[in-house]
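Have a look at the structure below, then the notes.
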Amino acid sequence: MADQLSLLLDSATRFPLPNGLSFSYGTSGFRSDGSVLGSTVHRAGIVAALRSLKTGSTVGLVITASHNPVCDNGVKIADPDGSMMDQSWEPFANALANAPDPNSLAQLVLQFAKDEEIPLGGGQSAEVLLARDTRPTGETLLEAAKQGISSIIGTVAIDMGILTTPELHWMVRCWNNGTKATESDYFAQLSNSFRSLMELAPNDNLNLDTVEKKLIVDGANGVGGFKLEEIKKNITGLEIDVRNTGKEGEGLLNEGCGADFVQKEKFAPCGFGLSDLGIRCASLDGDADRLVFFRLIPNSNNKIELVDGDKILSLFAIFIQEQLRLLEELPARLGVVQTAYANGAATDYIKNLGLEVIFTPTGVKYLHEKALEYDIGLYFEANGHGTILFSKEFLSQLDSANRELSSKLPGSKKQKAASRLVAVTQLINQAVGDALSGLLLVEAILHNKGWSFQKWCDLYQDLPSRQLKVKVADRTAIVTADAETRVVKPAALQELIDIETAKYTHGRCFVRPSGTEDVVRIYAEAATQDSADSLANSVAQHVNQILGSDIKT
Ligand SMILES: CC(=O)N[C@H]1[C@@H](OP(=O)(O)O)O[C@H](CO)[C@@H](O)[C@@H]1O
Ligand SMILES: [Mg+2]
């Protein structure tokens, strides 16, 4: 134990906490300006090493700040099944990140290891897979993570290189399952399952030829674009043109491009223009875990028609439901998980399909956890982060049904439905929302259904909405309940929100503190755009008055 203590003290001395800063494991890990994150990433390395020792399995650590500006960076930890680190460890991660000096850091580690019965001292080995996105601060931060990891005796760090966040989560999951886990295995799994699903399109679908084969993808000048360039080499039946790949001269990461920009601004990303009218387009975020689709609106100065996470979710739900209906001998409990940001029209649409819709607070760690409770759990945030989870029991029943139908009724509708579901389970990332696998699944489903982009857009009409953010003195003064739809503190604020909302037809409004930025977010929905704008503005004024601040859009 003396060795362990001196190793920790020595390592921590090289990564002092910057003066006057504090860090918090927020909606999606630690995030800040990349230049101040050395100590945080080093300490996240220690947390990951301990997590691996505790679980007796390999865990992951990704250095990314997703859709944030290029100067930001961040770090998050993946659990052995590829999901986000168990929330019960976040308080320890926070305490460690803010430990004022090496001594208190070492004491925190020793005490936590004792409380959690984590075997220190090298008796047990541990393993952490590492990856980073394309940010310039990534390389130095990766080194900090490696040093943090190796300050726990017996832990090995394996650098998997520059990857999308979902690739790393997928690799951790496969590594622990003992299945193939390299990047080329990931590419092969995506292209093979995409091919299978495309080939399973019904022959009697007369509309198949009318589906536009061309797709233009905005890579946000991040890691997703050049990974898609690799995947597309093995794909037929779809012509993919990748823009904003991050190559020299193509622009800065997430600047005027990427899924967050496209979804929030409802404008085409840079590099897109008039010549793309009528063509189906998609946008990834900086670490390729978010996906939205769009199409340029003629004569509108690059405004777009947006297909967000809610509509991707709806498309997936319809497709899964259709296959299950053909396979009535395979009962499955389907759950659809959304957050309060889901458009009201989307929720109504999914409920009208007869599906169960559940709401959780913002942040995929909450949605993912809920989706795991179903045989098939579909979840998406409106901003395009989501996936479909299949329970182990369902996967094994599906596998048996597929084998039986393939031998007894080959080529039948039932057999094809089972094979389609099998292909979906292989194509969609089971660890975390993945823009690249989601994109291929959308394309394969549109092809199977013979649906044009227009048909997909027309599933339902989004209710007009508006999002505002307000910077306040202390955003934690706002406490919410009921999946963030109601403010419980300060109580007067909810009463004011209720009074404002009642003034509008189809009015809905909620307020919550962001988990990734120092702001309070306001979301409003109403029958017209003017009403949504006005509702959001008046509630922002109330937030302003009660908590003191300036309104930002
Ligand atoms: C309104 C919104 O888009 N919120 C985003 C944003 O969280 P906030 O806690 O709202 O800052 O970033 C999260 C991480 O990417 C994402 O999960 C979430 O949906
Ligand atoms: Mg992201």
Side-chain angles (χ1 to χ4, degrees), residues 24-32 62-70 72-76 78 83-84 131-135 163-169 218-225 227 253-254 257-265 283-292 306 308-310 313 337-343 359-369 379-387 429 432-436 438 465-471 475-476 478 480 483-485 510-525 536 552-553:
S24 150
Y25 201 94
T27 319
S28 198
F30 294 108
R31 277 195 205 170
S32 194
V62 202
I63 296 168
T64 176
S66 182
H67 57 279
N68 287 32
V70 66
D72 284 2
N73 216 327
V75 60
K76 53 187 162 188
S83 64
M84 305 283 189
R132 65 177 178 97
D133 70 13
T134 52
R135 281 161 211 273
L163 298 176
T164 70
T165 297
E167 274 185 298
L168 195 267
H169 284 259
D218 158 32
N221 288 317
V223 59
K227 300 296 180 188
L253 175 69
N254 297 327
C257 59
D260 194 61
F261 169 86
V262 170
Q263 188 238 350
K264 300 245 161 59
E265 306 296 328
S283 182
L284 319 175
D285 74 337
D287 63 338
D289 61 1
R290 285 197 201 172
L291 167 73
V292 295
L306 176 74
D308 62 2
D310 299 339
L313 172 69
V337 191
Q338 296 191 305
T339 73
Y341 290 102
N343 196 279
F359 289 88
T360 70
T362 304
V364 287
K365 58 190 178 191
Y366 302 112
L367 290 100
H368 189 96
E369 195 176 40
Y379 73 86
F380 259 88
E381 293 191 309
N383 59 31
H385 190 146
T387 192
N429 193 325
V432 78
D434 181 339
L436 300 179
S465 66
R466 175 63 60 208
Q467 276 198 55
L468 295 177
K469 31 187 188 180
V470 177
K471 177 113 177 67
R475 72 189 200 279
T476 60
I478 297 191
T480 62
E484 304 177 321
T485 53
F510 66 93
V511 161
R512 58 175 279 278
S514 159
T516 60
E517 287 176 63
D518 187 15
V519 294
V520 171
R521 295 194 195 281
I522 291 132
Y523 177 90
E525 215 172 75
K552 292 168 146 191
T553 48

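In each ligand, atom 1 is the first atom listed, and ligand 1 is the first ligand listed. If you read the sequence from its start, that first residue is 1, and numbering goes on from there.
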What residue among Arg512, Arg31, Lys469 forms salt bridge (Lys or Arg N to Asp or Glu O under 4.0 Å) with Glu517?
Lys469
Check the Mg ion (ligand 2) and write out every protein N, O or S atom at under 2.8 Å, as residue and atom.
Ser66 OG, Asp285 OD2, Asp287 OD1, Asp289 OD1
Does the side chain of Asp434 reach to within under 4.5 Å of the side chain of His169, using non-hydrogen atoms?
no
Would Thr362 and Tyr341 count as a side chain to side chain contact (heavy atoms under 4.5 Å, CB included) if you check the C-alpha gap in whole Å, the side-chain angles of each, and the deciding distance to 0.1 Å?
CA-CA 8 Å; Thr362 304; Tyr341 290 102; 3.3 Å; yes
List in chain and number order the residues that pass salt bridge (charged side-chain N to carboxylate O under 4.0 Å, His left out) with Asp260, two or more places apart in sequence or in another chain; answer none if no residue qualifies.
Lys264, Arg290
Got a sec, which residues hit salt bridge (charged side-chain N to carboxylate O under 4.0 Å, His left out) with Asp310, two or more places apart in sequence or on another chain?
none
Value for CD (Glu265) from SG (Cys257), rounded to nearest 0.5 Å, stands at 12.0 Å
Would you check ligand 1 and list the protein residues that come within less than 4.0 Å of it by any heavy atom, ordered by chain and number?
Thr27, Ser28, His67, Lys264, Arg290, Tyr341, Thr362, Gly363, Glu381, Asn383, Gln467, Arg512, Ser514, Gly515, Thr516, Arg521
With side-chain contact (heavy atoms from CB on, under 4.5 Å) as the test, pick out the partner of [X] among [options].
X      : options                        : answer
Thr164 : Asp133, Leu436, Asn429, Asp287 : Leu436
His385 : Leu291, Thr165, Leu367, Val432 : Val432
Ser83  : Lys365, His368, Glu369         : His368

